[in-house]
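What follows is a set of notes on a single structure, which appears directly below.
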Amino acid sequence: KGKHRLANDVERVVQEHLTYVREEMCDGWDLIHEEGEMKVYRREVEENGIVVDPLKIFHAIQGVTGHEICHYFWEYQHRMEWETTLDSTKIIEALDQDTVIFFQMHKRVWPTAQRDSCFWSHIRCISNSEEDQPTWLVVNYTTPHPLAPIKPPQVRLIANVAMICETIINEPPLNPKDIKRENIQCKLAYVAFVNPGGWVPSAAVRNVAKREYPRFLRRFTSYVIEQTRDKPILF
Ligand SMILES: O=S(=O)(CCO)c1ccc(-c2ccc(C3CCCC3)c([C@H]3C[C@H]3c3ccccn3)c2)cc1
């Protein structure tokens with residue numbers, strides 16, 4: 001199928017994330033939370049008094065592949081089974097089989113006004129030259145859409161989020177068909193640039209973010225482990 005109207009935007013944002021995720025986690029990032037394999041980093045950034053802290057989470061999940069993590073993160077029909085911070089989510093346009101446009105109503109976080117979001121969501125497999133497993137990624141990026149008009153008092157979120165996954169196969173058996181789930185691990189990097197889109201109390205949003213991002217990733221990864229437990233491995 002030909003290039004859709006957002007194909008160039010999608011390409012640019014995907015390449016930016018691939019460059020950015022490899023950047024060293026050195027200056028300016030605070031490790032704000034650690035649980036098991038999950039490490040949550042944040043930079044404190046404000047634009048015009050609005051908290052827009054970039055957030056980076058590194059995690060390693062036993063027994064699932066990067067493809068499985070990205071599949072369940074991208075597929076809209078599973079979203080309400082793991083997303084606890086949404087009132088609703090729906091596809092408003094499919095640009096191609098890997099790129100859709102979502103409209104979402106986010107649960108209100110007191111004392112802020114309710115947020116909604118409209119973003120294109122793209123899933124992609126990047127096979128690198130070596131024989132090891134490909135990288136799978138999903139990017140959610142805010143985009144305007146005629147079917148998602150801004151309706152005050154709701155405030156439109158501005159989000160640029162990526163889930164970038166590698167699959168590790170420990171002690172690969174001679175025959176790939178013999179690979180078991182206990183031999184596989186997904187190493188993921190989750191990056192979120194979220195601008196609340198309007199004034200919010202900095203401390204409140206920082207506390208919500210510090211609590212909600214780890215919670216969302218814990219819940220989402222547990223969901224994928226459950227969904228894939230007795231299914232064939234999706235590489
Ligand atoms: O990974 S996704 O693409 C999954 C698809 O839904 C994603 C995740 C999170 C958000 C989001 C939306 C709103 C807020 C704030 C802004 C003012 C009031 C709410 C926050 C900050 C507060 C942090 C947070 C993190 C996780 C869950 C909820 N809350 C985050 C958007 C997209």
Side-chain angles (χ1 to χ4, degrees), residues 13-14 16-46 51-75 78-79 81-86 89 102 104 106-107 109 115 117 119 121-124 126 133 135-142 157-168 184-196 202 204-228:
V13 176
V14 164
E16 281 168 7
H17 275 296
L18 285 171
T19 311
Y20 185 77
V21 76
R22 295 191 179 97
E23 188 198 61
E24 277 311 303
M25 290 307 297
C26 43
D27 55 317
W29 290 92
D30 309 321
L31 178 62
I32 59 166
H33 182 79
E34 203 167 355
E35 60 181 74
E37 300 282 331
M38 189 196 301
K39 289 182 173 55
V40 183
Y41 295 86
R42 173 173 68 191
R43 269 182 331 126
E44 296 208 349
V45 177
E46 295 196 13
V51 171
V52 294
D53 301 348
L55 192 116
K56 238 180 181 180
I57 307 185
F58 295 100
H59 198 6
I61 301 99
Q62 297 299 330
V64 294
T65 63
H67 187 179
E68 290 170 333
I69 288 281
C70 286
H71 169 79
Y72 285 102
F73 188 66
W74 186 76
E75 284 293 344
H78 306 295
R79 181 151 302 161
E81 291 158 38
W82 57 266
E83 258 277 26
T84 57
T85 67
L86 293 180
T89 185
F102 284 120
Q104 304 200 134
H106 297 258
K107 284 189 172 137
V109 173
R115 262 64 186 173
S117 59
F119 49 64
S121 185
H122 176 73
I123 185 167
R124 180 178 302 190
I126 299 167
Q133 296 294 314
T135 296
W136 277 86
L137 65 86
V138 173
V139 176
N140 293 338
Y141 192 86
T142 292
L157 207 67
I158 302 160
N160 176 5
V161 173
M163 177 82 81
I164 304 173
C165 297
E166 289 179 11
T167 303
I168 315 285
I184 59 174
Q185 176 185 53
C186 169
K187 281 192 176 304
L188 72 82
Y190 172 85
V191 184
F193 298 90
V194 171
N195 179 328
S202 309
V205 170
R206 284 202 166 110
N207 289 337
V208 171
K210 183 172 175 157
R211 183 185 69 239
E212 289 296 332
Y213 278 116
R215 184 161 155 250
F216 131 74
L217 204 58
R218 204 169 38 239
R219 184 176 169 87
F220 169 66
T221 52
S222 309
Y223 174 78
V224 176
I225 290 166
E226 265 321 296
Q227 290 297 308
T228 54

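Keep in mind that what you see is a predicted model, and the values were worked out from it rather than measured. Start at 1 with the first residue, then count along the sequence.
The side-chain hydrogen bond (donor to acceptor under 3.5 Å, both in side chains) search around His17 returns Asn160, not counting sequence neighbours. Remark: His33 engages no residue in a ring-ring contact (aromatic ring centres under 6.0 Å, His included) (not counting sequence neighbours). Qualifying ring-ring contact (aromatic ring centres under 6.0 Å, His included) partners for Tyr190, counting only residues two or more places apart in sequence or in other chains: Phe216. Asn195 is linked by a side-chain hydrogen bond (donor to acceptor under 3.5 Å, both in side chains) to nothing, counting only residues two or more places apart in sequence or in another chain. Among residues two or more places apart in sequence or in another chain, the side chain to side chain contact (heavy atoms under 4.5 Å, CB included) test is passed with Val51 by Glu46, Asp53, Ser202, Val205, Arg206. For His59, there are no ring-ring contact (aromatic ring centres under 6.0 Å, His included) partners at least two apart in sequence or on another chain. Listed by chain and number, the residues in a side chain to side chain contact (heavy atoms under 4.5 Å, CB included) with Glu34 are Leu31, Lys39 (sequence neighbours excluded). Partners of His106 according to the ring-ring contact (aromatic ring centres under 6.0 Å, His included) rule, which considers only residues two or more places apart in sequence or in another chain, do not exist here. In this structure Gln104 satisfies the side-chain hydrogen bond (donor to acceptor under 3.5 Å, both in side chains) test together with Arg79, Thr89, sequence neighbours excluded. For Thr167, the side-chain hydrogen bond (donor to acceptor under 3.5 Å, both in side chains) test picks out no residue, with sequence neighbours left out. For Arg219, the side chain to side chain contact (heavy atoms under 4.5 Å, CB included) test picks out Thr84, with sequence neighbours left out. Residues satisfying the side chain to side chain contact (heavy atoms under 4.5 Å, CB included) criterion with Val208, sequence neighbours excluded, are Val109, Arg211, Glu212.
No side-chain donor-acceptor contact under 3.5 Å links Trp136 to the backbone of Ile164. Not one N or O on the side chain of Glu23 forms a donor-acceptor pair closer than 3.5 Å with the backbone of Tyr20.
Nearest heavy-atom pair, Leu18 versus Ile126, reported as atom, atom and distance to 0.1 Å: CD1-CD1, 3.3 Å. Taking every heavy atom of both residues into account, Pro214 and Met38 meet most closely at O-CE, 3.7 Å. Contact record, Leu157 with Pro196: CD1-CA, 3.8 Å, taken as the closest heavy-atom pair.
For the pair Lys56 and Tyr213, the cation does not sit on the ring face, since its NZ or CZ is not both under 6.0 Å from the ring centre and inside 45° of the axis.
Not less than 6.0 angstrom separates the ring centroid of Phe220 from the ring centroid of Tyr72. For an aromatic pair to be called close, the ring centres must be under 6.0 Å apart, and Phe119 with Phe102 satisfies this.
Taken to the nearest 0.5 Å, the OG atom of Ser117 stands 11.5 Å off from the CD1 atom of Ile158. Residue Lys187 holds its NZ atom at 6.0 Å from CD1 of Ile168, rounded to the nearest 0.5 Å. To the nearest 0.5 angstrom, Met163 atom CE is 10.5 Å from Ser121 atom OG. In this structure, CZ in Arg42 is found 11.0 Å from CD1 in Ile57, a value given to the nearest 0.5 Å. The distance from atom OG1 of Thr65 to atom CD of Glu166, rounded to the nearest 0.5 Å, is 13.0 Å.
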Tell me, with the steps shown, if Asn140 and Phe73 meet side chain to side chain contact (heavy atoms under 4.5 Å, CB included).
CA-CA 10 Å; Asn140 293 338; Phe73 188 66; 3.7 Å; yes
Stepwise side chain to side chain contact (heavy atoms under 4.5 Å, CB included) check, Tyr141 with His122:
CA-CA 9 Å; Tyr141 192 86; His122 176 73; over 6 Å; no
Quick one, Ile61 with Val224, criterion side chain to side chain contact (heavy atoms under 4.5 Å, CB included). Give me CA distance, side-chain angles, the key distance, then yes/no.
CA-CA 10 Å; Ile61 301 99; Val224 176; over 6 Å; no
May I have the step-by-step check of side chain to side chain contact (heavy atoms under 4.5 Å, CB included) for Val40 and Leu55, ending in yes or no?
CA-CA 7 Å; Val40 183; Leu55 192 116; 4.3 Å; yes
Working note: Glu35 + Arg218, criterion salt bridge (charged side-chain N to carboxylate O under 4.0 Å, His left out); need CA distance, chi angles, decisive distance, verdict.
CA-CA 10 Å; Glu35 60 181 74; Arg218 204 169 38 239; 2.7 Å; yes
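Contact annotation: the side chain of Ile123 never approaches that of Leu137 to less than 4.5 Å [non-hydrogen atoms, C-beta and beyond]. Contact annotation: the side chain of Val161 never approaches that of Val191 to less than 4.5 Å [non-hydrogen atoms, C-beta and beyond].
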